[in-house]
Amino acid sequence: MEVGESNSGNERRIISKDSSWCSQFRNASNPWMARYAYALIFLVANLLAWAARDYGRGALTEMKRLKGCNGGKDCLDAEGVLRVNLGCFIFYIIMFLSTARTSKLNNVRDTWHSGWWSVKIALWVVTTVIPFLLPSEFIQIYGEVAHFGAGVFLLIQLISIISFITWLNECCESEKFAARCRIHVMFFATTAYVVCLMGIILMYIWYAPKPSCLLNIFFITWTLVLLQLMTSVSLHPKVDAGILTPGLMGLYVVFLCWCAIRSEPAGGNCIRKSDSATKTDWLSIISFVVAILAIVIATFSTGIDSKCFQFRKDDTPPAQDDVPYGYGFFHFVFATGAMYFAMLLIGWNSHHSMRKWTIDVGWTSTWVRIVNEWLAVCVYLWMLIAPIIWKSRHTGST
């Protein structure tokens, strides 16, 4: 039996090495290629959710025939988003349950993850249609659960980003690259701080033009304080984490603050909107498309980063027939990412109507971003301080 599995693995590696990417995809021999197919399904599903929100009225005649739509009115706007999104969530949860704990390339679950695309596309179509047959009460319950799922996705993404920044800093400080990376570290850290300060200054100019803009002034000033706090803790002699990590974290924190203020609804004097804010222009469309693609890419990159959630570091090199990334974790991230996407499209409020070609707009969206920023700083500071606390406790107990 072992000889048969070894031969199967060798044949599969030969296919992956010598065949074209199309052949690899068709023969289910390249799990790396499968990632792009799942990301494409995720993108199409969320574009359908957006279409149900902005252009669902055109399909009202057909929706009237569906039992769960109550004459069509319960399949439009925010609830239409939730129905399409629920189908996407169900699809990735099924994939999560069927591929979790897959560790080797030579088994049925690995083939299911990387192949069987006609079956999986049919499964996705079925899971997309089923929510339109469900009553409105069930969809509203899913909308409440999606708030929690979106929060889980934000937490996973946050830990992934901080882990990447920490890994990058450790690589630069290692004996192998320390001498070579010293100038690069100083350059990137200085650039990061300059960009952070420029971003804060521009936010003061654009989003706090008057002393009466107290909330925006608070958001921006507190971001500056958090940047200073991260730098001070990182440079403390007991921590000695360098200047690169707080600089990169500062970029992320300033970006979250900017996203939070940008999510504030139009109507106040503190947000410089164009006079034609009620109309859709090309800038709005381009911003919307870029935001959609950025979220898909973020979900895609987070899904293959399962190693940052391992509590015990395993230094043993991976075997040749080990899976290249955690399949179950990959699909779980996409399932929670679907919930997060739904919240962005409805402004975190199932009773909130949003203008066409907009995403993540509303006071709820603003506060979610701000809380995410503060949580990011807390997690980063804890990752710096925790080893010192555990070391002192261990020393005290001995």
Side-chain angles (χ1 to χ4, degrees), residues 38-94 120-150 153 263 265 278-280 284-296 299 334-362 364-365 368:
Y38 289 115
L40 181 61
I41 293 175
F42 183 77
L43 174 62
V44 173
N46 287 290
L47 288 177
L48 288 176
W50 158 73
R53 186 197 72 177
D54 287 359
Y55 299 98
R57 300 286 176 183
L60 183 60
T61 304
E62 295 296 326
M63 288 181 177
K64 287 181 179 179
R65 303 178 185 178
L66 298 176
K67 184 178 178 181
C69 287
N70 192 14
K73 67 179 183 179
D74 288 342
C75 291
L76 304 172
D77 300 329
E79 191 159 318
V81 171
L82 292 176
R83 288 180 185 273
V84 177
N85 186 265
L86 175 59
C88 180
F89 170 77
I90 294 174
F91 171 77
Y92 284 105
I93 280 295
I94 292 174
K120 285 186 286 193
I121 290 175
L123 174 64
W124 171 59
V125 172
V126 171
T127 56
T128 302
V129 173
I130 287 177
F132 286 92
L133 305 176
L134 300 176
S136 178
E137 292 76 14
F138 185 87
I139 302 301
Q140 292 298 327
I141 293 175
Y142 170 74
E144 296 301 323
V145 175
H147 286 81
F148 173 76
F153 174 80
S263 296
T278 57
K279 300 179 181 180
T280 302
S284 300
I285 296 175
I286 293 174
S287 300
F288 177 82
V289 173
V290 170
I292 293 289
L293 294 177
I295 297 167
V296 173
T299 307
F334 271 87
T336 55
M339 291 181 166
Y340 175 65
F341 222 118
M343 294 297 101
L344 297 184
L345 288 174
I346 65 176
W348 296 80
N349 187 352
S350 59
H351 304 288
H352 174 59
S353 59
M354 295 181 64
R355 188 167 57 89
K356 287 184 178 181
W357 296 99
T358 58
I359 186 171
D360 198 21
V361 176
T364 306
S365 299
V368 167

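- Residues Pro131 and Gly87 come closest through the heavy atom pair CG-N, 3.6 Å.
- If you take CG on Asn85 and CD1 on Ile139, they are separated by 10.0 Å, rounding to the nearest 0.5 Å.
- Interatomic distance, Leu86 CG to Ile141 CD1, rounded to the nearest 0.5 Å: 11.5 Å.
- In this structure, the separation between CE on Met339 and CZ on Phe89 is 3.5 Å, given to the nearest 0.5 Å.
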Donor-acceptor contacts, no H, no angles, side chain residues 42-49, under 3.5 Å, sequence neighbours left out:
from, atom 1, to, atom 2, distance (Å)
Asn46, ND2, Phe42, O, 2.7

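- Atom-to-atom distance recorded for Arg83:CZ and Leu133:CG is 8.5 Å, nearest 0.5 angstrom.
- Within the 4.5 Å cutoff, the side chain of Phe341 has heavy atoms near those of the Val296 side chain.
- The shortest distance between side-chain heavy atoms of Phe334 and Ile41 does not fall below 4.5 Å.
- When all heavy atoms of Pro265 and Val361 are compared, the pair lying nearest together is CA-CG1, 4.1 Å.
- Heavy-atom minimum distance, Phe132 versus Val84: CZ-CG2, 3.6 Å.
- Contact annotation: the side chain of Phe148 never approaches that of Phe153 to less than 4.5 Å [non-hydrogen atoms, C-beta and beyond].
- Side-chain contact check for Gln140 versus Pro135: every heavy-atom pair is 4.5 Å or farther apart.
- In this view, Leu123 and Phe91, Ile94, Thr127 satisfy the side-chain contact (heavy atoms from CB on, under 4.5 Å) rule, not counting sequence neighbours.
- When all heavy atoms of Thr336 and Gly149 are compared, the closest pair comes out as CB-O, 3.6 Å.
- The nearest pair of heavy atoms linking Leu345 to Trp50 is CD1-N, 3.9 Å.
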